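One structure is given below, encoded as structure tokens.
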Amino acid sequence: MSQKDKPWVMRTYAGHSTAAASNALYRTNLAKGQTGLSVAFDLPTQTGYDPDSPLSRGEVGKVGVPVMHMGEMRRLFQDIPLTEMNTSMTINATAMWLLAMYQVAAEEQNPGVDPAVVAGQLAGTTQNDIIKEYLSRGTYVFPPQHSLRLISDMIAYTVNNIPKWNPINICSYHLQEAGATPVQEIAYALTTAIAVLDAVKAAGQVSDEDFEKTVGRISFFVNAGVRFVEETCKMRAFTRMWDEITRERYGVQDEKMRRFRYGVQVNSLGLTEAQPENNVQRIVLEMLGVSLSKNARARAIQLPAWNEALGLPRPWDQQWSLRLQQVLAFESDLLEYGDIFDGSVVIEAKVNELIEGAKAEMDRVQAMGGAIPAVESGYMKSALVSSHAARRAKIEAGEEIIVGVNKFETTEPSPLTANLDEAIMTADPKAEEAAIASLEAWKAGRDEAAVAEALANLAATAKTDENLMQATLAAARAGATTGEWAATLREVFGEFRAPTGVSGAVGVQEAGEALTAVRQRVAQTGEELGGRLRFLVGKPGLDGHSNGAEQVAVRARDAGFEVVYQGIRLTPEQIVAAAVAEDVHVVGLSILSGSHMELVPVVIEGLKAAGAGDIPVIVGGIIPESDGKKLIELGAAAVYTPKDFSLTEIMDDVVSVIRKANDLA
């Protein structure tokens with residue numbers, strides 16, 4: 001028997017409520033055999049706001065851990081030796097700031113050791129791919145060119161100072177969840193990588209001799225869907241194309257530096273609320289797509305939990321996902337053999353098909369000037385929204401089968417979800433209060449003059465071509481906060497609102513009987529009310545998962561509504577103002593971050609205060625059944641969750657909601 005390969009790094013994506021609670025979870029997971037950390041940060045941390053910001057309302061500690069200053073970073077990794085750890089941090093716009101605090105925390109754990117030596121021992125990854133944030137995830141802060149500058153500065157700094165750190169994950173994960181086909185996922189990820197490497201080369205902060213090492217530190221973070229044969233071929237195509245790009249475009253001679261190094265989170269948004277026990281086999285199939293082929297095997301894998309479509313997984317649920325990896329790695333014989341797909345005619349044909357399609361799409365993007373212009377023009381976003389709309393149409397037509405959702409819906413009661421309120425974990429409702437108290441205590445105990453000086457230096461450096469990492473480290477050591485670091489750079493770089501992709505998206509090509517009937521009801525109801533029906537789709541708070549909102553907007557447009565959609569990151573007050581100004585007939589709120597109980601009532605009360613309380617409010621998102629009932633009691637007209645997959649049926653329901661609100665029979 002040949003020597004058995006080492007298993008991949010095993011992670012679970014985790015972080016919630018407070019740094020102390022997350023630290024306890026990390027230490028428990030490591031004790032269970034997890035071999036790396038994957039830190040989830042809350043939305044205020046990801047978008048550069050402190051917990052006392054109005055935009056942070058309802059979002060603190062919901063989808064990750066709040067880390068607003070060095071004190072919280074220390075608590076997050078207390079009793080976890082950072083120089084011995086491999087830590088992945090899912091952070092993008094504020095990646096430089098979080099890496100700086102991580103480095104300072106490691107220095108503090110090793111007093112008396114030269115900080116340069118400590119930095120040299122740190123291993124891990126900052127996601128730091130901002131382009132996919134404009135396209136899918138929505139936690140961008142600065143305009144694209146300035147974001148690219150921050151990425152370039154980080155790459156140069158880590159190559160020269162933290163050589164074992166992966167300064168960026170080119171992240172195609174969220175592209176797939178936003179509707180990307182395998183061809184689009186490959187093409188957009190690789191054009192992003194080209195934009196990043198070209199920017200690093202142009203900045204001149206890395207010597208020609210070290211550029212190969214720079215290429216070698218580029219890593220990728222991909223998605224794996226349930227079509228595991230296609231996913232296997234996708235990964236083999238990625239591997240082959242990256243080798244070609246790095247060799248031919250950048251002249252990299254060392255084969256190891258050309259290796260396609262990637263980690264994976266298998267498809268979370270493909271998990272279903274209906275019959276959620278089926279998610280376990282989906283997760284296993286998705287894991288196989290990135291582990292079976294040795295030549296294209298992931299270097300790190302993190303799996304979602306079976307109940308993520310219901311809410312926040314419990315520690316036991318995360319343990320189950322970890323055990324799935326461990327059974328494959330340690331009980332099966334997978335790691336004892338070479339690549340089992342070498343020589344397969346079927347696999348080779350599919351790989352070649354994906355490469356051909358990806359190269360053609362890359363050529364289109366490069367002809368526009370590359371990834372940045374393709375983002376700014378809205379081309380990439382519209383392409384993703386159109387692909388997602390096409391897939392949803394197939395699901396609703398029954399052409400693409402989702403077991404338990406549009407086929408085989410009959411089910412026995414599941415003991416796993418007998419008590420839905422106990423089948424998920426609830427974020428600590430006092431997390432926001434605790435975070436604000438921590439922020440106030442931190443500010444009261446720091447040297448304000450030192451902070452002011454450090455932030456002034458950060459602003460001055462941002463106006464030059466100098467690398468921003470040293471100024472960022474100085475701000476962390478002085479005691480600046482996450483919100484202050486981001487606000488300082490916002491003043492210099494400005495802010496940005498990404499294209500929504502809705503106006504240029506292609507929706508339903510041919511209306512079937514159901515959509516035609518809805519169009520007739522929309523038109524008739526509009527006539528009865530004296531004009532075209534207007535539907536405001538709103539994304540309150542910091543939740544950047546806009547895929548659902550975009551699909552609702554596209555289908556509403558196809559159903560004949562006049563759609564008002566201003567994109568992500570709006571306050572409830574802004575949504576109320578838009579509803580009144582546009583004189584809409586219905587407001588639809590999309591919230592996937594768990595902040596629905598805090599934000600929806602504010603919109604409802606705001607409409608009443610503005611004299612528009614007769615406008616019905618409907619809500620969609622990952623909302624537990626008990627919360628949905630409470631929202632109805634508080635005045636919401638309807639609540640939709642992932643099990644309500646038919647957008648055409650939802651549009652028909654919205655017409656009924658409008659008619660009821662206007663006393664139409």
Side-chain angles (χ1 to χ4, degrees), residues 42-44 46-47 55 58-59 62-63 90 92-93 129-141 144 171-180 184-185 188 223 267-270 309 375-376 378-392 495-507 535-558 561 563-572 574-575 578 587-596 599-600 603 618-623 640-642 644-645 647 650:
D42 73 351
L43 290 174
Q46 292 185 49
T47 52
L55 272 169
E59 306 283 16
K62 284 286 170 60
V63 301
T90 302
N92 295 285
D129 171 9
I130 200 65
I131 288 180
K132 59 91 179 172
E133 296 299 316
Y134 302 118
L135 298 177
S136 54
R137 182 59 187 83
T139 63
Y140 56 82
V141 175
C171 183
S172 69
Y173 174 82
H174 295 95
L175 300 183
Q176 184 180 119
E177 301 209 334
Q184 290 171 324
E185 190 177 343
Y188 297 165
N223 204 327
N267 195 327
S268 290
L269 287 186
V375 166
E376 293 173 333
Y379 168 76
M380 281 187 181
K381 183 65 174 178
S382 290
L384 294 178
V385 174
S386 297
S387 294
H388 199 176
R391 179 173 181 266
R392 285 205 61 100
E495 295 193 63
F496 182 74
R497 289 195 70 79
T500 67
V502 169
S503 61
V506 177
F535 188 159
L536 186 150
V537 179
K539 287 287 295 177
L542 296 175
D543 171 30
H545 278 299
S546 58
N547 307 332
E550 290 153 5
Q551 293 308 307
V552 167
V554 170
R555 187 60 58 85
R557 181 195 66 192
D558 291 345
F561 286 94
V563 176
V564 179
Y565 178 54
Q566 298 172 324
I568 64 171
R569 213 177 299 171
L570 300 171
T571 64
Q574 288 172 320
I575 290 172
V587 172
L589 303 178
S590 171
I591 304 174
L592 282 83
S593 64
S595 59
H596 46 269
L599 297 177
V600 174
V603 173
I618 61 175
V619 188
I622 299 177
I623 301 172
Y640 303 97
T641 66
D644 304 301
F645 74 94
L647 288 176
I650 290 174

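Every heavy atom of this structure was used, including side-chain atoms; hydrogens, water molecules and symmetry mates were not. Note that this is a predicted model, so its numbers are computed, not measured.
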Below 4.5 Å, heavy atoms only, C-beta onward: do [X] and [Y] meet side chain to side chain?
X      : Y      : value
Gln184 : Leu175 : no
Leu599 : Glu59  : yes
Ile130 : Pro144 : no
Gln46  : Leu43  : yes
Gln566 : Val537 : no
Val552 : Leu647 : yes
Ile131 : Tyr188 : no
Glu550 : Tyr565 : yes

Rounded to the nearest 0.5 Å, what separates atom [atom1] in [X] from atom [atom2] in [Y]?
X      : Y      : atom1 : atom2 : answer
Asn92  : Thr47  : CG    : OG1   : 11.5 Å
His545 : Ser268 : NE2   : OG    : 8.5 Å
Glu376 : Tyr134 : CD    : OH    : 8.5 Å
Ile623 : Thr641 : CD1   : OG1   : 7.5 Å
Lys132 : His174 : NZ    : NE2   : 4.5 Å
Gln551 : Ser546 : CD    : OG    : 9.5 Å

Locate the shortest heavy-atom distance separating [X] from [Y]; write the atom from each residue and the value.
X      : Y      : answer
Ser172 : Glu185 : OG-OE2, 2.8 Å
Leu589 : Pro540 : CD2-CD, 4.3 Å
Val63  : Ser593 : CG1-O, 3.4 Å
Thr139 : Ala93  : O-CB, 3.4 Å
Ser595 : Ile591 : OG-CG2, 3.5 Å
Ala556 : Val563 : CB-CG2, 3.7 Å

Among side-chain atoms of Glu177 and Asn547, is any donor-acceptor pair under 3.5 angstrom? no

Would you confirm whether [X], through its side chain, and [Y], through its main-chain N or O, come within 3.5 Å as a donor-acceptor pair?
X      : Y      : value
Asp129 : Cys171 : yes
Arg569 : Leu55  : no
Lys539 : Ser590 : yes

Checking side-chain contact (heavy atoms from CB on, under 4.5 Å) for the pair Val385/His388: CA distance, chi angles, key distance, verdict? CA-CA 5 Å; Val385 174; His388 199 176; 5.7 Å; no

Give me the ring orientation class for Tyr140 and Phe496: parallel if the planes are under 30° apart, tilted from 30 to 60°, perpendicular past 60°. perpendicular

What do the steps show when you test Phe645 against Arg392 for side-chain contact (heavy atoms from CB on, under 4.5 Å), and what is the final call? CA-CA 8 Å; Phe645 74 94; Arg392 285 205 61 100; 4.1 Å; yes

